[in-house]
A.B. asks: 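Structure in structure tokens, see below.
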Amino acid sequence: MLNKVKDSALAAVSQIWDGSTVLIGGFGLAGQPTELIDALIEHKARDLTIVSNNAGNGETGLALLLKEGCVKKIICSFPRQHDSYIFDELYRAGKIELEVVPQGTLAARIQAGGSGLGAIYTPTAYGTLLAEGKETRTIDGINYVLEYPIKADFALIKAYKGDRWGNLIYNKAARNFGPIMATASSHTIAQVSEVVELGELDPEHIVTPGIFVHDVVKIGAE
Amino acid sequence: MLNKVKDSALAAVSQIWDGSTVLIGGFGLAGQPTELIDALIEHKARDLTIVSNNAGNGETGLALLLKEGCVKKIICSFPRQHDSYIFDELYRAGKIELEVVPQGTLAARIQAGGSGLGAIYTPTAYGTLLAEGKETRTIDGINYVLEYPIKADFALIKAYKGDRWGNLIYNKAARNFGPIMATASSHTIAQVSEVVELGELDPEHIVTPGIFVHDVVKIGAE
Amino acid sequence: MNTNYKPWTVDDIAQKVAASIDEGMYVNLGIGQPTKIADYLPDDKDVFLHSENGLLGMGPAPDKGQEDGDLINAGKQYVTLIKGGCYFHHGDSFAMIRGGHIDLCVLGAFEVAENGDIANWFLGRPQDIPAVGGAMDLAVGAKQVYVMMDHVSKKGEPKIVEKLSLPITGKQCVNRVYTDLAVIEITDAGLVVREMVEGLSFDELQAKTGARLIQKSSV
Amino acid sequence: MNTNYKPWTVDDIAQKVAASIDEGMYVNLGIGQPTKIADYLPDDKDVFLHSENGLLGMGPAPDKGQEDGDLINAGKQYVTLIKGGCYFHHGDSFAMIRGGHIDLCVLGAFEVAENGDIANWFLGRPQDIPAVGGAMDLAVGAKQVYVMMDHVSKKGEPKIVEKLSLPITGKQCVNRVYTDLAVIEITDAGLVVREMVEGLSFDELQAKTGARLIQKSSV
């Protein structure tokens, strides 16, 4: 009997090695796998390359991961926010590398990674600073930039409910990057609010099939 | 009040002009929008380019569309089946053009069309007859073929339930090409078994958001 | 300086943009001023607000106490979902944008050039940290792009210019500019003034604009 | 010809392949012979069958009268879905395949070359109509590709060859071949025979094979 449900967040994230690339779900705080990130800090991970839409808010979650010195580089679309002072300080001190990627290109590169494409031509960012030095091509009169897939060693995502095979559903706009990040990593760890029995998730409603999920961690009351 | 529900299949497909490119959903008979195709025959469409996984079964639906002489060219992954004799005959008589595309590449090209990518590098078919004459590239040691998006003037798809804004859900494996074809056409016509009130489809469960759907036609009892 | 005119307020402008939106349109409202437009969409028209974090059919802010951290918009404000709306992931959301499925996007901007180039993501000063979000995708992907901004900067410098001085977001993508002084169409012939604040003369408007304007009557 | 041996039946081979499949594996079984493997997967092991038309957790054929036209497999046969299975569209289904998420795919074949090239989609004769389906995606995308086929053609010609004579489906992708006479591993060193039908000698097997075989004991 296959059971992907892990006992604790720490047990799950302890598989993450120093220097690995980690996709972290969430858009701001919605969908951010805060408890998995906390465990990653406890695990004392180092030299991570993080791929996430933002670079953390306030002093929790992703921001705390940065503050604790776990992160070498961050690939994101929108690092600077009104409460991203931890990132801002590290960046200005030259203590963290930053790669800014347009949000849709970030999504498309993750999807390319998850679906085995070698590269894609996207119209976004053509002629801008973010396409500098990149290969371009005009196809049917439209200008495109060549972008390469993002693949990761791990993905940490937050879902709403999951079962022991790793099938997941999400809650509202907390879905955001979860489903696509799950596809683009060798090992996906999902935190869920509820673990349900096999068959409780309607096969028509499952958003992330278990094939993309390796560990499920229930967060909250024991 | 926006209402995408059309009175009849014929009213919906009458918008399709001769010579247009039409995506037709379905995998074999599952998800094939048979009633829309029947209406397209009644509409006496001519010189269509059809994109569909198969080239018709028996003498109904897509096969009948071919038999009635509506189709100039078909782009599909698997034309030859035990009961595809109508296609087989037309093909052997040189009366229909055929472009064979690997099934996953067909899906990926449709997705590229729907999502605004200019081209994609896919590993499928590298070194085969189906990649002959196509641009290739080696990326990180893997060989890829450059493939261009498929976009269409119309898509005819079959869903299970729809509402007046064009939101759709599907039934089981009849989902197949419907959701991606809806994204890649300028005008998507969906036949449904049931039209439901706005709000009856759970926002978490909608598979095709109404933005991709232009007409909804209810099939069955009046 | 002439004081015979009163600039339009953000609400005035939002109302004008809202009036130009037809039933059945799928619309993305950028962060900042454009958010206001939602307040002026008539209830009897079905217009669909898209938020790039995975919402179609975005509704107004929730009542106090009803906020849901999982239901926010691209500006990370609490919102609601209207009946008939739905959720989807970021891949699908940007497929909608990049794939040309959004009929209209209204963006804020630092500068707009007469050829429709827009700069709205980065000031490029040494102290600035680059952050782009969905701006470049929206600029390039939406069928129509409107800009909503002040006509001149806080220092009084024109924001509509011949050539951008700031890092570009998207090339030749803006179709129309709504400012506190005028509504300007970007056409192949140039910048055509559709409407101006009452009491403002064309010459005064031209003086506050860094590129040549064309009077509507002359086209 | 030696008659001291009895070739394995399709059921025998299916059983052997089934025995090599570990719990938790995501497996795609090609049309034809490989379909049989499903019958020999032990009930106490969670193994997931993927069907490229949008199923994960494909179950056995339904009882008579329970057939559902909307629930078919890639071979267009009626199937069922097991508890915990799910549906998805073709884009997602081939993302699973092409993206390397399928652990094992078992395909039928016309020919397999000693370097792992496979030909299974098109005979290329003038009267043949090309039809590829998902064969090329599966060959290139699955982590492991096994082939299940007769050792020789109906005319008695070897189907395991030095170089393909038929149009190729995928390059260097087959890891193991199960035939009615042997199980052969495709390694960097060459074709290693893991197992043979009882009563068949290595030399006899070599005689029926179009490429050099290596005895397991010798590696």
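The analysis underlying the following values was restricted to heavy atoms, covering all of them including side chains, and did not include hydrogens, waters or symmetry mates. Chain letters run A, B, ... following the sequence lines, proteins first, then strands; residues in each count from 1.
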A.B. asks: Report the C-alpha distance between A/K172 and C/L81 in whole Å, list the side-chain angles of each, state the deciding distance to 0.1 Å, and finish with yes or no for side chain to side chain contact (heavy atoms under 4.5 Å, CB included).
C.D. replies: CA-CA 9 Å; A/K172 304 189 180 82; C/L81 191 80; over 6 Å; no

A.B. asks: What part of A/I110 is in contact with chain C, defined as an atom under 4.5 angstrom from a non-hydrogen atom: side chain, backbone, both or neither?
C.D. replies: neither

A.B. asks: Start with the C-alpha distance between C/K76 and A/N54, add both sets of side-chain angles, then the distance that settles side chain to side chain contact (heavy atoms under 4.5 Å, CB included), and finish with yes or no.
C.D. replies: CA-CA 12 Å; C/K76 283 152 196 154; A/N54 304 105; 2.8 Å; yes

A.B. asks: For C/S51, is it the side chain, the backbone, both or neither that has a heavy atom under 4.5 Å from a heavy atom of chain A?
C.D. replies: neither

A.B. asks: On a heavy-atom basis, which atom in A/A173 and which in C/I72 lie closest, and how many Å separate them?
C.D. replies: CB-O, 4.1 Å

A.B. asks: Does the plane of the ring in C/H90 sit parallel, tilted or perpendicular to the ring in A/F177? Use 30° and 60° as the thresholds.
C.D. replies: parallel

A.B. asks: Indicate yes or no for a side-chain donor-acceptor contact from C/R98 to the backbone of A/G104 under 3.5 Å, with no hydrogens or angles considered.
C.D. replies: yes

A.B. asks: Does anything in residues 109-124 of chain C get under 4.5 Å of chain A by heavy atoms, and if so which residues?
C.D. replies: C/W121, C/F122

A.B. asks: Side chain, backbone, both or neither: which part of C/I97 has a heavy atom under 4.5 Å from chain A?
C.D. replies: neither

A.B. asks: Determine whether a donor-acceptor pair (N or O, by modelled atom type, separation under 3.5 Å) exists between the side chain of C/D137 and the backbone of A/T124.
C.D. replies: no

A.B. asks: Looking only at side chains, do A/N176 and C/N53 share a donor and an acceptor under 3.5 Å apart?
C.D. replies: no

A.B. asks: Under 4.5 Å from any heavy atom of chain A, what part of C/F94 do you find: side chain, backbone, both or neither?
C.D. replies: side chain

A.B. asks: I need the residue from C/I168, C/I129, C/V140 with the largest number of non-hydrogen atom pairs under 4.5 Å to chain A.
C.D. replies: C/I129

A.B. asks: Is there side-chain contact between C/P130 and A/F78, with heavy atoms separated by less than 4.5 Å?
C.D. replies: no

A.B. asks: Relative to chain A, which segment of C/V132 carries a heavy atom at a distance below 4.5 Å: side chain, backbone, both, or neither?
C.D. replies: both

